[in-house]
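The block underneath contains the structure these notes are about, expressed in structure tokens.
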Protein chains: 2
Amino acid sequence: MSPRRAPRPPATREEIVAAARSMVVSDGVDALSMRKLAAELGLAPTAIYWHVGDRDELLHAVFEAMLAELPTVRATGRTPRVRVAAVARAVRKQLIDHESLTALAHTLGRSAEVAFPAQVTLAREVSAAGLHGRAAERLVRSILFTIGGLTLLEHTFSEEPSHTPSLWSHLHDPAIDLGLLRAMRAPADLDALFEHTLDALLTAAFAA
Amino acid sequence: MSPRRAPRPPATREEIVAAARSMVVSDGVDALSMRKLAAELGLAPTAIYWHVGDRDELLHAVFEAMLAELPTVRATGRTPRVRVAAVARAVRKQLIDHESLTALAHTLGRSAEVAFPAQVTLAREVSAAGLHGRAAERLVRSILFTIGGLTLLEHTFSEEPSHTPSLWSHLHDPAIDLGLLRAMRAPADLDALFEHTLDALLTAAFAA
DNA sequence: ACCTGAACACCGTTCAAGT
DNA sequence: ACCTGAACACCGTTCAAGT
């Protein structure tokens, strides 16, 4: 009978983290403001601080929520080399699919935690392939750094107004092979580059 | 005779850009605030806007000043393969030495411009080595992406409280080679990883 | 236990007004 | 031509006070 709206139930920490997460996912880390978040939840800006520590702690909470949901990568294929390659590809796909997680991990300095499970899976396959010690380490690490680096760059370049092609199209240099020059004028195919580098690393590891 | 200090001469655009640059170099892009910069120069915050457009334009001006001073990389060595490797190493060293430039380029979306001269030098050496078309393109691009990615990651990981080693030291997994496990517990040697990946790429390119 | 409001110390930016 | 001051619309955060 009372025309007054029932007062909104007390906000929970989970609710706040979830709202923050959706802001981070849709508009990026920088777009998360405590004041906008509070407005979204119908709270005074200062109320947030009662539930989570501060903006930094909130971001860490969002990160952990995302990390917990990350599916584990699995190896497929018959030969050792094929299985290692499959894991590498799966990890790369995962990083691309969970772009907000990698971006957040990067700003929080927690990339290592994101990479760890993949690293372990890779280490198992490399061991199963018969590699040991330093040689095994080199393969695991170089694959993971290739994946991480390329994905970071991919993210970088997707923001850039494809600038290099135009730089290349203004260049005429007799010291550069004409076919190479023409190829450089087109945008890079990062998937192909990844496959190529991966293949080079696998060949180097399995040849010896 | 006048006890009054002579009024400060009008500020120049170059002066402002230089001051901004030194703030960026010493404390990072995020630390550059228009108000702090103005204070440093003894100006009202709003005076800056008369000389440079806004914060973004100022950052671009700082970037261009840095880029103009970047020395060009040169190839050394006798055999084609050695020369290509030398260029790659020189580029990597340059990126590491000019960390503020690469960081700034990254936030402004102008990494391609930083990479371009290096890419041209590499293209010349690869051409001189007798590679053509797509194969040459693959080598140039994979080397540059390896350098860029690894350097980006290096910067990332230097900020992280070496987290992965501790993750690895708590792991006991019979499916992982013991020597590999032990190796993963130590921090990664990025220089060695770079050399290894570079070598794998060069071998792949020059074997065919 | 949970929340508000006032307050503080920061931002970038515009614009009219001063010299 | 060059600069100031007031003003606006934002931030994150603390803390006393309210229910």
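Per chain, numbering begins at 1; letters A, B, ... match sequence-line order.
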Are H51(B) and dC3(D) close enough that a side-chain N or O sits under 4.0 Å from OP1 or OP2?
-> yes
Report yes if a side-chain nitrogen or oxygen of K36(A) is closer than 4.0 Å to either non-bridging phosphate oxygen (OP1 or OP2) of dC10(D); otherwise report no.
->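 So the side chain of K36(A) is outside the cut-off, no N or O lying under 4.0 Å from OP1 or OP2 of dC10(D).
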To the nearest Å, how far apart are [X] [atom1] and [N] [atom2]?
X	N	atom1	atom2	value
W50(B)	dG12(C)	CH2	C1'	20 Å
I16(A)	dC2(C)	CD1	P	10 Å
E57(B)	dG12(C)	CD	P	15 Å
I48(B)	dT4(D)	CD1	C1'	13 Å
E15(B)	dC3(D)	CD	P	9 Å

Minimum heavy-atom separation for V17(B) to V62(B), with atom names?
-> O-CG2, 3.8 Å
Same-atom distance (P) from dA9(C) to dC10(D), integer angstrom = 22 Å
Apply salt bridge (Lys or Arg N to Asp or Glu O under 4.0 Å) to R35(A) and list each qualifying residue two or more places apart in sequence or on a separate chain.
-> none
Reported OG1-to-CD distance for the pair T102(B) and Q94(B), which is rounded to 0.5 angstrom =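 Reported to 0.5 Å precision, the distance equals 10.5 Å.
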For the atom pair CZ (R74(A)) and CZ (R83(A)), what is the distance rounded to the nearest 0.5 Å?
-> 8.5 Å
Touch class at under 4.0 angstrom, heavy-atom based, for L32(B) against every strand present =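 Sugar-phosphate contact only.
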Would the number of heavy atoms belonging to other residues, nucleotides or ligands and lying under 6.0 Å from CD of E40(A) be above 12?
-> no
Does NZ or CZ of R110(A) come closer than 6.0 Å to the centre of the six-membered ring of F63(A), within 45° of the ring's axis?
->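 Pair R110(A)/F63(A) does not count as cation-pi.
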Helical stems, DNA chain C - three or more consecutive Watson-Crick or G-U wobble pairs below 3.5 Å =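 So far as stems of 3 or more pairs are concerned, DNA chain C shows C:4-8 with D:12-16, C:12-16 with D:4-8.
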Residue pair R141(A), D189(B): steps toward the salt bridge (charged side-chain N to carboxylate O under 4.0 Å, His left out) verdict | CA-CA 10 Å; R141(A) 287 204 145 121; D189(B) 178 347; over 6 Å; no
What string of B, S and - do you get for nucleotides 13-19 of chain D, 5' to 3', when a contact is any protein heavy atom under 4.0 Å?
-> BBB----
Could you walk me through whether R185(A) and E137(B) pass the salt bridge (charged side-chain N to carboxylate O under 4.0 Å, His left out) test, one step at a time?
-> CA-CA 10 Å; R185(A) 285 179 184 148; E137(B) 181 210 2; over 6 Å; no
Please confirm whether the backbone N or O of G133(A) pairs with a side-chain atom of D177(B), one donor and one acceptor, at under 3.5 Å?
->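 Here the side-chain-to-backbone pair exists.
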